[in-house]
Amino acid sequence: MCTSVMYQNAKGNWFLARTMDFSFELDGRPVVIPRNFHFQSDANEAGFDTKLGFGVAGRNLNGYILVDGVNEAGVGAATLYFDGLAKFADQREHGKTDLAPHEVINWILGNITSVADLKEKINDVNIVAIANDLFKIVVPLHWIVGDKSGDCVVLEQDKEGMHVMDDPAKVMTNSPDFQWHLKNLNNYVQLKPTSHSAKAYGEFKSDAYGLGSGALGLPGDYTSVSRFVRAAFIRENTDKADTTGGSINALSHILNSVEIPKGVKADNEGGCDYSQYRGYMSLDEGAYYMQPYDDQTITRVALTPEVLNASEPTEYPLQKQQQFNSVN
């Protein structure tokens with residue numbers, strides 16, 4: 001599963017954030033991939049090269065598995081599950097860069113300078129239905145990509161081909177398809193942060209009990225449909241922070257509304273999706289923030305010249321237990 005949102009603060013700076021909801025223990029940590037890096041590929045023997053450095057969440061498992069991050073050009077991107085609808089090419093295509101689905105994020109962050117640039121170059125890529133060695137399946141994925149101008153798109157490839165769709169809601173979750181989610185927002189036009197006024201039923205006058213009645217009907221479950229609506233409403237009505245730190249804090253509170261605690265979203269085989277971490281991408285600043293489930297201290301990794309020009313990726317391990325600010 002997963003939920004992703006874009007957010008603009010009071011100074012006009014843009015951020016992309018996401019929850020990583022999954023049952024398989026990914027053990028992701030912040031990583032900086034340097035400039036001019038060569039990735040091996042499951043889709044072609046030659047692999048592919050990148051130009052831009054980027055900060056990302058991932059893990060080196062005989063090659064980096066990466067899922068979200070921000071690059072030095074101010075592009076942020078995140079991979080989310082698109083179960084039941086994703087459909088990729090059956091074979092390689094000459095003249096294009098062949099990629100497995102789990103490699104697309106590496107290519108985007110390593111080569112794309114803006115959403116407009118992505119729209120021009122995405123047709124140069126052929127996403128091939130090749131299994132991921134870790135999961136032993138062709139991972140059904142779609143992607144949200146935003147840049148520091150505030151442009152935001154969703155990429156979905158189904159049986160009809162690749163769809164590059166502008167995202168006016170600045171929100172993305174999982175299946176159904178993105179256009180379905182946008183249409184579904186029409187069912188929630190009554191939601192508002194203020195209370196509803198009194199209503200008469202015959203001679204009886206009905207008054208709301210306290211503040212918050214404007215959000216009556218806001219879905220509270222953990223399905224992708226409900227998370228999309230909830231994230232869209234809360235993102236739209238959250239105050240705009242003045243600082244970068246305040247913006248990360250605001251995003252943390254927004255994602256609180258869709259975070260999945262361990263145990264509340266189980267399958268019938270004993271597995272359990274939960275929010276393994278939250279990632280925050282500061283697009284103007286060029287920094288990646290990560291907040292893991294086991295230690296909600298937020299780790300910041302900046303794209304400094306030192307790490308961007310390093311010869312190898314730089315990893316930053318995270319704490320496995322909650323840290324505290326002890327004052328006595």
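Note that the structure is a prediction, hence the values are computed from the model and not measured. Heavy-atom basis, side chains included; hydrogens, waters and symmetry copies ignored.
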Check your understanding: Would Tyr222 and Val229 show up in the same hydrophobic cluster when neighbours are defined by side-chain heavy atoms closer than 4.5 Å?
Key -> no
**Study point:** Close side-chain approach of Leu318 to Met290, heavy-atom, < 4.5 Å
**Key:** yes
Check your understanding: With a 4.5 Å limit on heavy-atom distance, are the side chains of Val31 and Thr314 in contact?
Key -> no
Practice item. Please say whether more than 12 non-hydrogen atoms of neighbouring residues, nucleotides or ligands are located less than 6.0 Å from NZ in Lys51. Key: no
Check your understanding: Counting heavy atoms not belonging to Lys262, are there more than 12 under 6.0 Å from its NZ?
Key -> yes
Check your understanding: For the side chain of Arg29 and the backbone of Glu315, is there at least one donor-acceptor N/O pair under 3.5 Å apart?
Key -> no
**Study point:** Any side-chain heavy-atom pair of Arg235 and Val171 under 4.5 Å
**Key:** yes
Check your understanding: Does the pair Asp98/Lys96 count as a salt bridge with the N-to-O cut at 4.0 Å?
Key -> no
**Study point:** Ionic contact status for Asp21 with Arg18, cut-off 4.0 Å
**Key:** no
Check your understanding: Is the number of heavy atoms from other residues, nucleotides or ligands within 6.0 Å of CD (Glu45) greater than 12?
Key -> no
**Study point:** Lys/Arg N to Asp/Glu carboxylate O, Arg35 vs Glu72, below 4.0 Å
**Key:** yes
**Study point:** From Glu236 atom CD to Ile254 atom CD1, the distance as rounded to the nearest 0.5 Å
**Key:** 10.0 Å
Check your understanding: Would you say the side chain of Lys11 lies within less than 4.5 Å of the side chain of Asp284, judging by non-hydrogen atoms?
Key -> no
Practice item. Please answer: with hydrophobic residues joined when any side-chain heavy atoms are less than 4.5 Å apart, are Leu185 and Trp180 in the same cluster? Key: no
Exercise for review: With salt bridge (charged side-chain N to carboxylate O under 4.0 Å, His left out) as the test, would you mind laying out the steps for Arg300 and Glu285 before giving the verdict?
Suggested key: CA-CA 11 Å; Arg300 175 182 179 269; Glu285 178 191 16; 2.7 Å; yes
Review point. Rounded to the nearest 0.5 Å, how far apart are CG of Leu118 and CD1 of Ile112?
Key: 5.0 Å
**Study point:** Side-chain (Asn111) to main-chain (Trp107) donor-acceptor, under 3.5 angstrom
**Key:** yes
Review point. For Arg227 and Thr3, does a side-chain donor sit closer than 3.5 Å to a side-chain acceptor?
Key: yes
Check your understanding: Hey, any chance Tyr316 and Leu303 share a hydrophobic cluster, counting ILVMFWY side chains that come within less than 4.5 Å of each other, even indirectly?
Key -> yes
Point to revise | same_hphob_cluster(Phe82, Ile144) at 4.5 Å side-chain heavy-atom cutoff | key: no
Practice item. Please confirm whether the backbone N or O of Met162 pairs with a side-chain atom of Asp158, one donor and one acceptor, at under 3.5 Å? Key: no
Check your understanding: Counting N and O atoms only, with roles assigned by atom type, does the side chain of Asn186 sit under 3.5 Å from a partner on the main chain of Lys183, one being a donor and the other an acceptor?
Key -> yes
Check your understanding: Heavy-atom count around Ile137 CD1 within 6.0 Å, excluding the residue itself: above 12?
Key -> yes
Point to revise | Donor-acceptor side-chain pairing of Ser224 and Asn174 below 3.5 angstrom | key: no
**Study point:** Donor-acceptor contact present, side-chain Arg92 to main-chain Val128, <3.5 Å
**Key:** no
Practice item. Before accepting this row, confirm whether a basic side-chain N of the pair Asp27/Lys320 lies closer than 4.0 Å to the acidic partner's carboxylate O. Key: yes
Check your understanding: Do Phe178 and Asp167 have side chains that get closer than 4.5 Å, going by heavy atoms?
Key -> yes
**Study point:** Point-to-point distance, once rounded to the nearest 0.5 Å, from CE of Met281 to CG of Leu283
**Key:** 8.0 Å
**Study point:** Close side-chain approach of Leu66 to Phe39, heavy-atom, < 4.5 Å
**Key:** yes
Check your understanding: So, the side chain of Ser275 versus the backbone of Thr19: is there a donor-acceptor pair under 3.5 Å, distance only?
Key -> no
Point to revise | NZ on Lys170 to OG on Ser4, rounded to 0.5 Å | key: 12.0 Å
Practice item. Evaluate the side-chain hydrogen bond (donor to acceptor under 3.5 Å, both in side chains) criterion for residues Asp68 and Tyr277: first the C-alpha distance (whole Å), next the side-chain angles of each, then the deciding distance (0.1 Å), finally the verdict. Key: CA-CA 11 Å; Asp68 57 79; Tyr277 71 84; 2.4 Å; yes
Point to revise | Separation between CG of Asn249 and OH of Tyr280, rounded to the nearest 0.5 Å | key: 8.5 Å
Exercise for review: Would you check if the side chain of Asn71 reaches a backbone N or O of Val75 as a donor-acceptor pair within less than 3.5 Å?
Suggested key: yes
Check your understanding: Roughly how far, to the nearest 0.5 Å, is CD1 of Ile108 from CZ of Phe54?
Key -> 10.5 Å
Practice item. State whether a side-chain donor-acceptor pair under 3.5 Å links Asp221 with Ser226. Key: yes
Exercise for review: Please confirm whether the backbone N or O of Gly47 pairs with a side-chain atom of Ser41, one donor and one acceptor, at under 3.5 Å?
Suggested key: no
Practice item. Report, as yes or no, whether the 6.0 Å neighbourhood of atom CD on Gln296 holds more than 12 heavy atoms from other residues, nucleotides or ligands. Key: yes
Exercise for review: May I ask you to decide if Met20's main-chain N or O and Gln276's side chain share a donor-acceptor pair within less than 3.5 Å?
Suggested key: no
Check your understanding: Do we see a donor-acceptor contact under 3.5 Å between the side chains of His142 and Asp177?
Key -> no
Point to revise | Check: Tyr274 ring centroid to Tyr293 ring centroid under 6.0 Å | key: yes
Point to revise | Minimum side-chain heavy-atom gap Tyr289-Thr244 below 4.5 Å | key: yes
Review point. Does Gln91 offer a backbone N or O that forms a donor-acceptor pair with the side chain of Glu93 under 3.5 Å?
Key: no
Exercise for review: Indicate if Phe48 and Ile105 have the same hydrophobic cluster label, given that clusters are the connected sets of ILVMFWY residues with side-chain heavy-atom separations under 4.5 angstrom.
Suggested key: yes
**Study point:** Face-on cation placement of Lys199 at Tyr201 ring, 6.0 Å and 45° thresholds
**Key:** yes
